[in-house]
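Below is one structure, written out as structure tokens, with a few remarks after it.
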Amino acid sequence: MDNTARIAELKRKKLAIMREVDGYKQTHACEFFKPYKWQDRAFAMIREKNVVIAPAPNKIGKSAAVMNILISCALGYEPWTKSDIEVDGWVKSDKYWYRPSVLGKKPPIVVRITGEDWTHHIGQVLIPELRKWAPKGMYETRKNSQGVEYEWKWKNGSVFEIMSHDQDLKLFESWLGDLWVADEPPKKEIYDAMGRGLFLRGGKVVMFITPLSQAWLLDELIEPTVPRNDVGVIDGLTFLDNEDLYRHDYKLLKDFGYSESEIVEYFRLCVEYDDLTKDEHVMGLDRHLRKHYKGGKI
């Protein structure tokens with residue numbers, strides 16, 4: 001075989017390997033999850049607290065964090081922490097070691113996931129995101145009358161039960177579980193019904209939510225009159241905590257010729273107007289951009 005043919009053969013083999021790796025990544029996305037700093041901080045807090053709440057804006061990685069918490073708890077370890085060498089206190093699976101899940105429990109575990117409604121939130125948002133990250137072939141699902149995969153049974157015995165906040169309150173009672181993830185703010189009655197059976201097993205509650213639509217969460221968990229040691233809050237999060245988005249926007253502004261101080265001011269304006277109405281937000285950014293446009297920046 002001459003050099004040209006040899007090179008062509010090597011290229012074909014390389015392409016085949018790349019396709020195989022890419023295919024594996026698509027079906028085992030949880031192994032390639034790279035937590036942002038705020039997500040790592042939240043994971044650490046969940047290990048210490050019974051209830052952890054992260055009121056945060058969109059596009060910050062809440063869904064990715066929640067799905068990988070769920071998957072790692074079902075497995076008993078965090079699949080994105082794979083190590084070839086033994087680490088003290090870590091879990092061994094096959095020939096690798098992994099950091100234990102935030103629950104610190106060996107499977108099987110029982111989990112409940114709740115969302116706003118079956119059709120839009122659960123069916124179109126939550127389920128596709130869970131499927132995106134979950135390792136293919138390690139679970140089976142069952143659909144309800146709405147056609148939504150409400151029950152996920154893992155090969156190791158762990159179970160996910162997905163429920164809608166508009167279901168009858170009685171269905172949330174008489175339950176014993178290890179973890180409850182509320183993908184949107186639940187009503188106080190649901191929290192009380194779920195909490196009794198959850199805490200009997202030393203379970204935990206995770207809420208990475210936006211917007212904060214249930215006032216009782218603020219009064220009783222986030223800013224209670226009497227501080228609670230069992231509740232942890234990841235507060236002060238903004239879109240800047242999405243490190244990929246921040247790097248992208250920073251580079252874009254640099255390429256436009258912005259100075260460091262101007263970039264800081266730009267991001268400050270974005271954060272300042274984040275909680276205002278859309279019109280006010282746009283007006284503020286428009287004033288900022290017009291100011292620099294006159295100076296030849298854009």
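Below, each value reflects all heavy atoms present in this structure, side chains not excepted, and no hydrogens, waters or symmetry copies. Given the structure is predicted, the values throughout are model-derived calculations rather than measurements.
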Inset, instruction - Could you check Arg196 against Asp192 for salt bridge (charged side-chain N to carboxylate O under 4.0 Å, His left out), going step by step and ending with a plain yes or no? - result: CA-CA 7 Å; Arg196 287 187 287 270; Asp192 290 339; 5.9 Å; no

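- A donor-acceptor contact closer than 3.5 angstrom is absent between the side chains of Glu151 and Tyr139.
- Looking at Ser164 and Gln167, their side chains never bring a donor and an acceptor atom within 3.5 Å of each other.
- Proximity of a side-chain donor or acceptor of Lys62 to a complementary backbone N or O of Pro57 within less than 3.5 Å is detected.
- Aromatic ring centroids of Trp97 and Tyr77 lie 6.0 Å or more apart.
- Under the 4.5 Å side-chain criterion, counting only non-hydrogen atoms from C-beta, Trp152 is in contact with Glu149.
- Cation-pi geometry between Lys82 and Tyr96 is met: under 6.0 angstrom from the ring centre, within 45 degrees of the axis.
- Between Ile234 and Met45, some side-chain heavy-atom pair lies under the 4.5 Å cut-off.
- Contact check for Val52 versus Lys204: no side-chain heavy atoms found under the 4.5 Å cut-off.
- Ring-centre distance between Phe160 and Trp154: below the 6.0 Å cut-off.
- Heavy atoms of other residues, nucleotides or ligands lying less than 6.0 angstrom from NZ of Lys106 number 12 at most.
- Ring geometry for Tyr266 against Tyr258 counts as perpendicular: the plane angle is over 60°, on a 0 to 90° scale with 30° as the lower cut.
- Taking hydrophobic clusters as Ile, Leu, Val, Met, Phe, Trp and Tyr residues chained together by side-chain heavy-atom distances below 4.5 Å, Phe256 shares a cluster with Phe267.
- In the displayed structure, Gln146 atom CD is contacted under 6.0 Å by more than 12 heavy atoms of other residues, nucleotides or ligands.
- Placement of Val125 and Leu130 in two distinct hydrophobic clusters is found when ILVMFWY residues are connected by side-chain heavy-atom separations under 4.5 Å, directly or transitively.
- Under 4.0 Å is where a charged nitrogen must lie from a carboxylate oxygen, and between Asp255 and Lys251 at least one such pair does.
- When hydrophobic clusters are built by joining Ile, Leu, Val, Met, Phe, Trp and Tyr residues whose side-chain heavy atoms come closer than 4.5 Å, directly or via intermediates, Leu198 is grouped together with Leu169.
- Side-chain atoms of Asp244 and Tyr36 include a donor-acceptor pair closer than 3.5 Å.
- A salt bridge links Glu260 with Lys254: the distance from a Lys NZ or Arg NE/NH1/NH2 to an Asp or Glu carboxylate oxygen falls below 4.0 Å.
- Using a 4.0 Å cut-off between charged nitrogen and carboxylate oxygen, Lys170 and Asp168 do not count as a salt-bridge pair.
- Leu221 is listed as a side-chain neighbour of Tyr191, based on a closest heavy-atom distance under 4.5 Å.
- Classification of Asp178 and Lys105 as a salt-bridged pair holds, one side-chain N sitting under 4.0 Å from a carboxylate O.
- You'll find the ring centres of Phe32 and Trp80 outside the 6.0 Å limit.
- A continuous path of ILVMFWY side-chain contacts below 4.5 Å connects Trp180 to Val231, so both sit in one hydrophobic cluster.
- Checking Glu78 against Ser72 by side-chain atom types alone, no donor-acceptor pair falls below 3.5 Å.
- When side chains are defined from C-beta on, Arg112 does not count as touching Ile162, because their heavy atoms never get closer than 4.5 Å.
- In this pair, Phe43 and Phe33 present their aromatic rings tilted. The plane angle is within the 30 to 60° band.
- In the model, Trp90 has no side-chain atom that pairs as donor or acceptor with a side-chain atom of Glu86 under 3.5 Å.
- Residues Glu220 and Pro224 form no side-chain contact, since every pair of their non-hydrogen atoms from C-beta on lies 4.5 Å or further apart.
- Taking 4.5 Å as the limit, some side-chain heavy atom of Glu223 sits within range of a side-chain heavy atom of Leu218.
- Counting only heavy atoms from C-beta outward, the side chains of Val111 and Glu161 never approach each other to under 4.5 Å.
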